[in-house]
Amino acid sequence: MAPVIEIKDLTKSYRRGSQSIVVLENLSLDIEESEFLALMGPSGSGKSTLLNLIAGLDKADSGSIRVRGTDISSLSENGLAKWRAENVGFIFQFYNLIPVLTAFENVELPLILTNLSRKERKEHVTTALRLVNLEDRMEHYPRQLSGGQQQRVAIARAVVTDPTILVADEPTGDLDRRSAEEVLGLMEKLSSVIGKTVVMVTHDPRAAKKAGNIKYLEKGVLANAPQASFPECI
Amino acid sequence: MDLMFFYSLRNLLTRRLTTGLTAAGMALVVFVFASIVMLAEGLKKTLVDTGSYDNVVVIRRSAVSEVQSGIERLKASIIETQPEVAIGEDGRRLLAKELVVLITLEKKKSNSPANVIIRGISGSSLELRPQVKLSAGRLPRPGSSEIIAGRSIVKGFKNVGLGENLYFAMRPWTVVGIFDAGNTGYSSEIWGDVDQFMQAFRRPVYSSILFKLRKSSEFESLKKKIESDPRLTLEAKREADYYREQSEMMAKFLRILGQSLTIVFSIGAIVGAMITMYSAVANRTGEIGTLRALGFNRSSILVAFLMESLLLGLIGGFSGLFFASFLQFITVSTTNFQTFSELAFSFKITFEIIYKSLLFSLVMGFIGGILPAFRASRMNIVEALREQ
Ligand SMILES: Nc1ncnc2c1ncn2[C@@H]1O[C@H](COP(=O)(O)OP(=O)(O)OP(=O)(O)O)[C@@H](O)[C@H]1O
Ligand SMILES: [Mg+2]
């Protein structure tokens, strides 16, 4: 079977004043269906940059990203927004829940971009919240929840639309050990039981171990093992 | 999209203080706007209610009002003999030759002088104005120095109580009665015997003639006849039209005053709303990035923030109207520029004023919110997400 995500010759540089810094250069990577991939690497190596490109938040300078055959670099601004709504679930380091919406409404939020009826939306939201074991916290606002609980709501929000891929940028970076384990357990379950393709950026080797596959990004190059200059992961 | 509506609404309600202050600014503008339009409306209603459709006022051609008009006795009798004039039950013609002069009286509250209309009445003056009712005392006897005063005059001016003496035209006049003409201009007048007034004021001519039409439909032909008669140089108007015209200049003045004041004030309120919305956008940069990541496109973000600003305007609009509606219980007295006499009337709210005020508040919300909403919608997603 063809990979879900096919990245070819991806180049991305940032302009800072007059000079431009190349962050990713001719990077190629395939990610398989139901794979749980952890991306590691030193700070500033471009992990977030790569993840944002995969998630369709940013545009590359050259190269292509195909997700289930769609070349997302060719999509328009609005086309890309629609594509994200249908294909990407996001899990952020700081949960990024909307403070004025309840847990239920936060999970419902991406569903209002679909044409599901109110009743169907309710069913989906309830299922997603049950999956993260927070059915009893539906009416709570984010500030009434612990960090771990908020991240679980965020996971429910990420999966409620049944997206093609889940992207997570340091999802446990702001959590204590126990909450982090819970969240990682959930993500692992999402890939192994439900068959989601998950791409996670992390600094935490323990988190990375949960993933089925680990890739190291350093100086714009992807490797299967960490290089000498990156001792924290060995 | 009801969730997005709640999103906008709750964001407003969450920052209670800034929302309250900004909405208060808008409320103030709407209050000023509504109250001035309500004033113009109240004035119009008072004057329009003063006249009856089947009555005809005759004044000198090109006189703006009865105050500036003069009709010689001979001309008056020509009008009096027109067959179109209705005849009352007692066989007399329903016609009144009247004198209107202005005198100065001292106001109760401010002690300042103001002009008051003195109307010399005759014959059928009262019959022609069924809305005028004696509420205390009696009518003046013909040939005596007795007067009756309108309700608003008694309320607003000194020395016009029942039985009191008023000194003008070099003579004392006794107030023998008080009349109530409802919310019409007559309530702001003093009436007495026309011949007595003509003597006292040394005025040899009448000011106006008021009569009832035999048949309402005969007005146009009668008007043509009177206005084309070279002996007369007079002008005939339906009483209702005469008073409507009187209200127009004042109402227009109030409207222009209202509009200029509101435009100036609204600039402040719009700037306030803009600052509030810009800071809302800045404070919620991360949130905007999140929404965009979840798949909301630029226009959804624009709409969400614009909606917030429109709601802000609407909160201001409703509060401004709420306070303005209490003005209805207040009666004010001001100079009617057409006659330069004091006229009492109330603020009046109408459906049109309500919807215009709300529309106006929405416009303020829109102008204040469009640029911030535009900024929110143009944000770079990755950069917005970095801002936490
Ligand atoms: N908008 C931008 N403008 C300029 N430079 C940028 C921008 N975004 C990222 N960079 C640069 O690109 C490089 C890669 O950034 P990126 O955020 O992808 O790193 P990272 O691997 O996620 O680091 P960390 O582990 O600290 O999160 C860094 O050198 C960073 O300074
Ligand atoms: Mg990063």
Side-chain angles (χ1 to χ4, degrees), chain A residues 12 14 48-53 55-59 75-102 104-115 118 121-122 125 141-143 154 157-158 160-161 163 167 169 173-174, chain B residues 1-20 276-277 279-305 307-309 311-312 315 374-388:
Chain A
K12 174 77 183 173
Y14 285 110
S48 298
T49 303
L50 177 59
L51 197 71
N52 289 340
L53 288 169
L57 293 177
D58 206 353
K59 292 242 172 185
L75 292 173
S76 68
E77 177 89 33
N78 275 346
L80 207 52
K82 190 162 179 290
W83 176 82
R84 281 196 303 271
E86 288 165 359
N87 293 286
V88 189
F90 286 91
I91 303 162
F92 302 95
Q93 179 176 359
F94 301 105
Y95 336 126
N96 289 25
L97 298 178
I98 307 298
V100 297
L101 301 182
T102 62
F104 183 94
E105 289 164 337
N106 263 289
V107 178
E108 190 187 6
L109 198 57
L111 289 181
I112 66 176
L113 295 168
T114 65
N115 35 27
R118 182 190 278 266
R121 291 203 309 250
K122 192 173 168 163
V125 174
Y141 285 90
R143 68 181 131 73
R157 177 178 68 183
V160 76
T161 53
V167 297
D169 199 340
D174 206 46
Chain B
M1 285 304 266
D2 45 354
L3 188 56
M4 285 315 270
F5 173 78
F6 286 125
Y7 168 72
S8 297
L9 184 66
R10 283 193 212 150
N11 270 307
L12 271 182
L13 301 181
T14 302
R15 18 176 243 270
R16 227 168 290 156
L17 186 68
T18 42
T19 298
T276 301
M277 289 312 295
S279 80
V281 171
N283 286 332
R284 301 214 313 265
T285 304
E287 200 172 302
I288 294 165
T290 307
L291 288 171
R292 296 276 280 118
L294 293 181
F296 288 88
N297 57 24
R298 286 184 169 168
S299 8
S300 317
I301 303 293
L302 185 94
V303 169
F305 277 88
M307 181 131 75
E308 206 167 306
S309 179
L311 281 171
L312 187 63
I315 293 174
F374 206 66
R375 172 183 283 185
S377 75
R378 305 296 300 180
M379 270 179 190
N380 176 289
I381 307 174
V382 176
E383 274 165 28
L385 278 172
R386 218 193 294 269
E387 208 126 322
Q388 290 289 347

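Below, all heavy atoms of this structure are taken into account, side chains as well, without hydrogens, waters or symmetry copies. Here is how names work: the chains are called A, B, and so on, in the same order as the sequence lines, proteins then strands, and each is numbered from 1.
Of the two parts of A/Tyr95, neither the backbone nor the side chain holds a non-hydrogen atom closer than 4.5 Å to a non-hydrogen atom of chain B. Heavy atoms closer than 4.5 Å to chain B are found in both the backbone and the side chain of A/Leu109. For A/Glu108, the parts sitting under 4.5 Å from any heavy atom of chain B are the backbone and the side chain alike. Proximity to chain A (any heavy atom under 4.5 Å) is restricted, for B/Ile381, to the side chain, taken from C-beta onward. Proximity to chain A is limited to the side chain of B/Leu291, based on heavy atoms less than 4.5 angstrom apart. For A/Leu113, the part lying under 4.5 angstrom from a heavy atom of chain B is the side chain only.
Of the listed residues B/Ser299, B/Gly289, B/Gly295, the one with more heavy-atom pairs under 4.5 angstrom with chain A than any other is B/Gly295. Heavy-atom pairs under 4.5 Å with chain B peak, among A/Glu86, A/Arg84, A/Gln93, at A/Arg84. Note on A/Thr161, A/Asp58, A/Ile98, A/Asp169: by heavy-atom pairs under 4.5 Å with chain B, the leading option is A/Ile98.
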Point to revise | Verdict with reasoning, B/Thr19 to B/Leu13, per side-chain contact (heavy atoms from CB on, under 4.5 Å) | key: CA-CA 7 Å; B/Thr19 298; B/Leu13 301 181; 5.6 Å; no
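Atom CD of A/Glu77 sits about 8.5 Å away from atom CG of B/Asn297, to the nearest 0.5 Å. Atom OG in B/Ser377 sits 8.0 Å away from atom CD1 in B/Ile301 (nearest 0.5 Å). Atom CG of B/Asn380 sits about 11.0 Å away from atom CD of B/Glu387, to the nearest 0.5 Å. Separation of atoms NZ (A/Lys122) and CG (A/Leu111) is listed at 13.5 Å; rounding is to 0.5 Å.
For B/Glu308 and B/Arg10, the salt-bridge test fails: no basic side-chain N is under 4.0 Å from an acidic carboxylate O.
A cation-pi contact, defined as under 6.0 Å to the ring centre and within 45° of the axis, is absent between B/Arg292 and B/Phe296.
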